[in-house]
Trainee: 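I am attaching a structure below and will ask some questions about it afterwards.
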Protein chains: 2
Amino acid sequence: MIQTTSEENYLKTIFHHAGLSNNAVTTNDIAASLGTKAASVTEMLKKLSAQKLIRYKKYNGVTLTDSGTKQALLIVRKHRLWEYFLVEKLKFSWDEIHEVAEQLEHIQSETLVERLDTFLEHPRFDPHGDPIPDKKGIIKKSDSQKLIDVTEKKEAIVNLVTDQPELLRYLSKIGISIGSKLKVIEKNSFDQSMLLLINGKSKVHISSSIANNISVQF
Amino acid sequence: MIQTTSEENYLKTIFHHAGLSNNAVTTNDIAASLGTKAASVTEMLKKLSAQKLIRYKKYNGVTLTDSGTKQALLIVRKHRLWEYFLVEKLKFSWDEIHEVAEQLEHIQSETLVERLDTFLEHPRFDPHGDPIPDKKGIIKKSDSQKLIDVTEKKEAIVNLVTDQPELLRYLSKIGISIGSKLKVIEKNSFDQSMLLLINGKSKVHISSSIANNISVQF
DNA sequence: ATATAAATTTAGGCAAACCTAAAAATAATA
DNA sequence: TATTATTTTTAGGTTTGCCTAAATTTATAT
Ligand SMILES: [Mn+2]
Ligand SMILES: [Mn+2]
Ligand SMILES: [Mn+2]
Ligand SMILES: [Mn+2]
């Protein structure tokens, strides 16, 4: 069965909130993410539940069924493939793409997704480092940790940042991108802010809320 | 002001029916094209008229205003650019693209259109030979005539076919594509059917309804 | 010129997706 | 535990874009 754009957005939001272990997601969280009101969410949950895309028990939050997860993964796949396309082929910068991908992810055509994937040579990560689910919905998660949790003073490589335009523009400004080498020079235990050495060159001080949105691997 | 997908489809339909001289288009024609009912069309015409995208006088059909024409041209531009992309980059065949382009043409992002156009190196015609309006909405129309009107027995080159999947598949089957060289060997004055020589090789008999959907130049 | 037919508009409804305000259930706190 | 606060659901509306059926206007044919 084909979903409406709105239904797809709800599925995707539930997926993002639930995390890999498919935790229950609350009505309010969904409303906040989608910029709608709780009453609207409740209505939609009933519809999705009737289609067996979610498990819904009044007042108990929702989880995705296998079918719902599959749908959500396909939308995420499309979103990330399009983001990759926009950056690699159309030369968009990483902070300009999310909005457009939000529209493109709803284009209905199985052929389109697969041919796009082929054209792009099966990319594994989108421009923010988020993994692109394969055709079967399989995501291989790389081992990375949040920069804020890094204690060692070894060199770390940026492999994931949060897809938020303002953050992304700020990171560009201070010279951080996917693949950047970071060394934590100093960590303020009071406010969790950090002094970083970026690519062995510039020293930059970042707040904890920035550090919380960057992940690295060693 | 931003139009809904539905409004955009109405504008585009009116544009296609009106032709270059912007003739008045009837309610019924619009309804037939869009697969809606006349009553629904009347309703939408009022909305478009209120936005000054069309000139509408009850019972008198509609014409596009300059603003409406501009909008319609942009949608046509997007449709054709995406069709070109699907064929040239994603290796779709010319009969598979219309449906997908119908969706893609409604993606809202000026930057996207312009970067796509640049990426594709400013194509002038879509895969069916339809001209792609430039950024300013200017279409350069090539001098071509319908195959059905060809009398001379000179060699003609196919430069435009109607974008209808079934027709396109049939043309592919008999070996006609954009750029094919055709010579009219025989013309039946009773049913307007023709015997063609295609690319100097195969002889094929086509009905008038096929000949009516192919245009050529000399 | 009338009568009939066709095209168009109006009237009244429906479904999707949103809303606000009120009611009900659950959670937190005194 | 009783009270208060928060979360969620229900009830009742709105807008968009569609529908059918009936009324109206315009076109066609006798
Ligand atoms: Mn994104
Ligand atoms: Mn992303
Ligand atoms: Mn087309
Ligand atoms: Mn075309």
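Residue numbering restarts at 1 for every chain, and letters A, B, ... go by the order of the sequence lines.
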Trainee: Report yes if at least one side-chain N or O of A:Asn28 is closer than 4.0 Å to OP1 or OP2 of D:dT8; otherwise report no.
Mentor: yes
Trainee: Could you check B:Lys78, B:Gln3, B:Gln71, B:His106 and say which one makes a side chain to side chain donor-acceptor pair (under 3.5 Å) with B:Glu8?
Mentor: B:His106
Trainee: Tell me whether the OP1 or OP2 atom of D:dT16 has a side-chain N or O from B:Thr4 closer than 4.0 Å.
Mentor: no
Trainee: For residues B:Ser172 and B:Trp94, is any side-chain donor paired with an opposing acceptor at under 3.5 Å?
Mentor: yes
Trainee: Would you classify A:Gly35 as touching base, sugar-phosphate or nothing, given that sugar-phosphate means primed atoms plus P, OP1 and OP2, and contacts are heavy atoms under 4.0 Å?
Mentor: sugar-phosphate
Trainee: Can A:Ser93 and A:Glu96 be counted as having a side-chain donor-acceptor contact under 3.5 angstrom?
Mentor: yes
Trainee: With a 6.0 Å cut-off on ring centres, are B:Phe85 and A:Phe85 close enough?
Mentor: yes
Trainee: Who pairs with A:Glu114 by salt bridge (charged side-chain N to carboxylate O under 4.0 Å, His left out), at least two apart in sequence or on another chain?
Mentor: A:Arg77
Trainee: On the nucleotide D:dT9, are OP1 or OP2 found under 4.0 Å from the side-chain N or O atoms that A:Tyr56 carries?
Mentor: yes
Trainee: Would you please say whether a donor-acceptor pair under 3.5 Å links the side chains of B:His205 and B:Ser193?
Mentor: yes
Trainee: Could you pick out which residue, A:Glu7 or A:Asn60, lies toward the 5' side of DNA chain C when each is mapped onto its nearest nucleotide?
Mentor: A:Glu7
Trainee: Is any side-chain nitrogen or oxygen of B:Ser6 closer than 4.0 Å to OP1 or OP2 of D:dT16?
Mentor: no
Trainee: At the 4.0 Å heavy-atom cut-off to chain B, mark where contacts on DNA chain C begin and end, going 5' to 3'.
Mentor: C:dA7 to C:dT10
Trainee: Using a heavy-atom distance cut-off of less than 4.0 Å, which residues of residues 37-51 of chain A contact DNA chain D?
Mentor: A:Ala38, A:Ala39, A:Thr42, A:Lys46
Trainee: Please state how far atom CG in B:Leu34 lies from atom P in D:dC18, giving the value in whole angstrom units.
Mentor: 8 Å
Trainee: Tell me whether A:Asp66 at atom CG has more than 12 heavy atoms from other residues, nucleotides or ligands lying less than 6.0 Å away.
Mentor: no
Trainee: Quick check, are the ring centers of A:His98 and A:His79 under 6.0 angstrom apart?
Mentor: yes
